[in-house]
Every structure is written in structure tokens, then in C-alpha cells.
Amino acid sequence: MTEVSTDTPMIRLSAVDKYFGALHVLRDIDLEVPRGQVVVVLGPSGSGKSTLCRVINRLEPVDSGSIALDGVPLPAEGRALAELRADVGMVFQQFNLFAHKSILDNVTLGPIKVRKSGKAAARDEAMQLLERVGIADQADKYPAQLSGGQQQRAAIARALAMRPKVMLFDEPTSALDPEMVNEVLDVMTGLAADGMTMLVVSHEMGFARRAAHRVLFMADGEVAEDSVPEDFFQAPATDRAKDFLGKIL
Ligand code: ADP
Ligand code: MG
């Protein structure tokens with residue numbers, strides 16, 4: 001496991017509150033994720049895990065508090081926000097690939113449109129990324145021609161093509177058939193070993209034990225536990241976490 005550095009945190013949330021109408025979904029969240037740290041987020045359905053991811057890349061605005069990426073505060077609006085969002089790669093449960101574009105075009109689109117890469121350079125880099133996730137041979141196919149595991153690996157390559165500083169994964173293996181879960185987790189484990197800063201919402205204990213530096217347990221919009229994986233899985237501190245682990249293990 002790579003060392004985590006101690007300089008400016010890559011992700012910092014200070015006193016973040018988020019409401020959906022009257023529902024208080026994130027409650028006074030303070031969180032610092034150092035560069036290179038791999039954080040696994042778990043907790044019951046509805047506890048705010050997806051919302052946490054979505055506020056970090058500003059798919060959702062916060063109601064109060066502040067968020068900074070690599071020391072740069074997330075602004076409310078405008079071009080700077082688009083640039084900062086490009087620093088955050090996101091991988092969803094549903095792969096969200098463009099159905100009418102080839103796998104290669106899915107990966108090159110962002111670099112060409114947003115990063116203004118030249119086509120040849122974008123293509124070379126995309127092929128390297130597809131190689132890295134093990135599906136270079138699928139480059140000219142369309143998403144529907146790939147298995148779920150291959151599509152999710154393509155989605156990871158697409159996110160990496162933007163050269164993000166942070167990768168957020170929201171239940172990346174939940175929609176996969178069981179035999180395809182490991183091929184995606186293996187790619188994620190490789191990214192973690194390469195030093196990527198990652199926030200991973202997942203209940204995959206094997207991945208958490210193997211790759212995570214830290215586990216956050218969320219309940220009712222709060223970070224109820226924040227510990228290292230060994231401690232969390234062996235001796236959760238709260239009754240809510242004990243109850244939760246009892247249901248999923
Ligand atoms: P988790 O990912 O932990 O299951 P979410 O962050 O998706 O939880 O949701 C937290 C709470 O916020 C849930 O009660 C959910 O129903 C609610 N919620 C999420 N998104 C919205 C939305 N866009 N509008 C209204 N309520 C929402
Ligand atoms: Mg969710």
C-alpha cells in the first residue's frame with residue numbers, strides 16, 4: 001500500500017450541510033482526504049453516500065459549508081467550476097457510456113471536447129488506458145456489445161482520460177453479475193496502488209480490506225465512524241455499524 005502524504009488535503013469538506021426540501025441529507029460534514037488516500041464509504045441505503053459523492057463534484061450544490069479540491073475552493077458557478085469538475089472522475093453504478101459511440105470514442109470524447117487534446121494524442125492515450133483496464137481489444141465495439149464488467153472498465157478508462165486528481169466511485173460493482181465484480185475491483189485496486197486519491201462507495205469487504213486506508217461509515221447523513229478497515233470490521237464502535245455489518249456480512 002502506498003504512503004499517504006501530509007500536505008494540502010486533496011478533498012476537504014468543512015461543515016457541509018445539504019438538504020432535499022425538509023430532508024437533512026448531509027449533516028455538518030467535516031472530512032479531509034489526503035493525496036493518495038483510498039477511502040471506502042459504507043452505510044445503509046439512504047444514509048447520504050451518493051449525495052456525498054455528488055456534492056464533491058458539484059453535481060449537487062451544498063446549502064452551507066465549503067468544499068475544496070487540492071486546496072482550491074469549489075466556486076458556485078462558471079467556467080472555473082467546469083475546470084474543477086474535470087479534476088474529479090466519477091464512476092456510477094450504471095455505467096453511463098454513450099450507447100451510440102464506440103468504446104474508443106467514449107474515452108476520447110472528453111479529452112477532445114473539454115481538454116482540447118488533438119485527436120491522435122487522445123486516441124493514443126485512450127488506447128493506453130483501455131490497455132490498462134484490460135479491454136484494448138474491445139476499442140471499436142459499442143457498449144451494448146460488451147459485458148457489464150467490460151463496460152464498467154470502459155467507464156473507468158473514460159474517467160481517467162480526463163487525468164483527474166480524484167476518482168469517486170458510487171457502488172461501481174452493484175449492477176454487475178457476481179463473476180464480473182472482481183475484474184472491476186482489480187482495476188480499482190491497481191489505481192489505488194498507483195497512488196490515486198479515491199472515494200469508493202462500496203460494500204465489497206475484500207476491496208476495503210485490500211485497498212482502503214480508511215473506512216467511513218455513514219448513518220443518517222453523518223459520518224458515524226471513521227477508522228482503519230481492520231478496526232472497523234473487527235470492532236465497530238457504534239451499534240448502528242454493528243447492526244449494519246451483521247446484515248451484510
Ligand atoms: P445513499 O447513497 O446512502 O443510499 P443518497 O445520498 O442517495 O443515499 O440519499 C440520501 C437521502 O436523500 C435519501 O433519503 C434519498 O431518498 C434522498 N435523496 C437523494 N437524492 C434526492 C433528490 N434528488 N431529491 C430528493 N431527495 C433525494
Ligand atoms: Mg447511493
Side-chain angles (χ1 to χ4, degrees), residues 11-33 38-67 69 74 76-77 81 85 88-97 148-149 151-152 155-156 159 164 166-178 180-181 184-185 188 197-208 211-212 214-227 229 232-233 236-249:
I11 305 171
R12 183 168 49 75
L13 282 75
S14 308
V16 165
D17 282 287
K18 171 70 186 173
Y19 293 82
F20 286 117
L23 190 65
H24 199 172
V25 182
L26 296 178
R27 297 172 182 260
D28 195 26
I29 303 274
D30 287 308
L31 175 65
E32 288 193 357
V33 180
V38 179
V39 180
V40 164
V41 180
L42 30 79
S45 179
S47 56
K49 305 179 300 294
S50 293
T51 306
L52 179 70
C53 291
R54 293 170 64 83
V55 299
I56 291 172
N57 75 349
R58 272 301 208 143
L59 287 170
E60 291 284 354
V62 299
D63 291 296
S64 61
S66 63
I67 300 176
L69 290 173
L74 278 192
E77 300 293 338
L81 175 57
R85 194 177 280 159
V88 182
M90 182 132 181
V91 175
F92 302 89
Q93 181 175 334
Q94 299 301 338
F95 325 122
N96 294 352
L97 295 168
Q151 288 186 59
Q152 192 60 302
I156 293 171
V166 171
M167 286 284 287
L168 307 177
F169 294 85
D170 191 0
E171 305 208 29
T173 60
S174 299
L176 297 177
D177 292 334
M180 294 171 187
V181 167
V184 171
L185 293 177
M188 292 166 59
T197 309
M198 295 165 57
L199 193 76
V200 182
V201 178
S202 172
H203 295 159
E204 292 290 339
M205 300 301 142
F207 175 78
R214 181 179 180 189
V215 170
L216 301 182
F217 174 72
M218 290 191 70
D220 298 331
E222 290 176 326
V223 176
E225 296 200 33
D226 181 351
S227 52
F232 180 77
F233 294 118
T238 61
D239 286 340
R240 282 189 293 196
K242 280 178 200 151
D243 184 50
F244 174 78
L245 285 175
K247 284 177 182 143
I248 63 164
L249 288 180

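Just follow the structure's listing: the first ligand is 1, and inside any ligand the first atom is 1. Residue numbers run from 1 in the order of the sequence given.
At the top of the distance list for atom 24 (N) of ligand 1, counting protein heavy atoms only, stands Phe20 CD2, 3.5 Å. Closest to atom 7 (O) of ligand 1, if we only count protein heavy atoms, is Ser50 CB, 3.6 Å.
In summary, the atoms of ligand 1 found under 4.0 Å from a heavy atom of Val25, numbered by their order in the structure, are 10 (C), 11 (C), 12 (O). Listed by number with element, the atoms of ligand 1 under 4.0 Å from a non-hydrogen atom of Pro44 are 3 (O). Ligand 1 places these atoms under 4.0 Å from at least one heavy atom of Leu23: 12 (O), 14 (O), 17 (C).
For the residue pair Asp170 and Ser50, the shortest heavy atom distance occurs at OD2-OG, 2.6 Å. Considering every non-hydrogen atom in both Ala219 and Ala224, the closest pair reads CB-CB, 4.3 Å. For the pair Lys18 and Glu60, the tightest heavy-atom approach, listed with the atom from each and the gap, is NZ-OE1, 3.4 Å. Across Val55 and Ile67, no two heavy atoms sit closer than the pair O-CD1, 3.4 Å.
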Practice prompt. Under the side-chain contact (heavy atoms from CB on, under 4.5 Å) rule, what do Val39 and Met198 come out as? Steps first, then yes or no, please.
Written response: CA-CA 6 Å; Val39 180; Met198 295 165 57; over 6 Å; no
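For ligand 1, none of its N or O atoms has an N or O atom of Glu60 under 3.5 Å away. Geometrically, ligand 1 and Gly48 share a nitrogen or oxygen pair separated by less than 3.5 Å.
Within the structure, salt bridge (charged side-chain N to carboxylate O under 4.0 Å, His left out) contacts touching residues 216-226 (residues at least two apart or in different chains) are Arg214-Asp226, Asp220-Arg240.
Contact annotation: for Val201 versus ligand 1, there are no heavy atoms closer than 4.0 Å. Here Thr51 has heavy atoms under 4.0 Å from ligand 1 in both its backbone and its side chain.
Neighbours of the Mg ion (ligand 2) restricted to protein N, O or S atoms under 2.8 Å: the count is 1.
If you take OG on Ser47 and CG on Leu42, they are separated by 9.0 Å, rounding to the nearest 0.5 Å.
By the definition of a contact as any protein heavy atom under 4.0 Å away, atom 3 (O) of ligand 1 is in contact. For atom 15 (C) of ligand 1, no protein heavy-atom neighbour is present inside the 4.0 Å cut-off.
Judged by the shortest distance from any of its heavy atoms, Gly221 lies outside the 4.0 Å radius around the atoms of ligand 1.
Ring pair Phe217/Phe244 is tilted by interplanar angle, where 30° to 60° counts as tilted.
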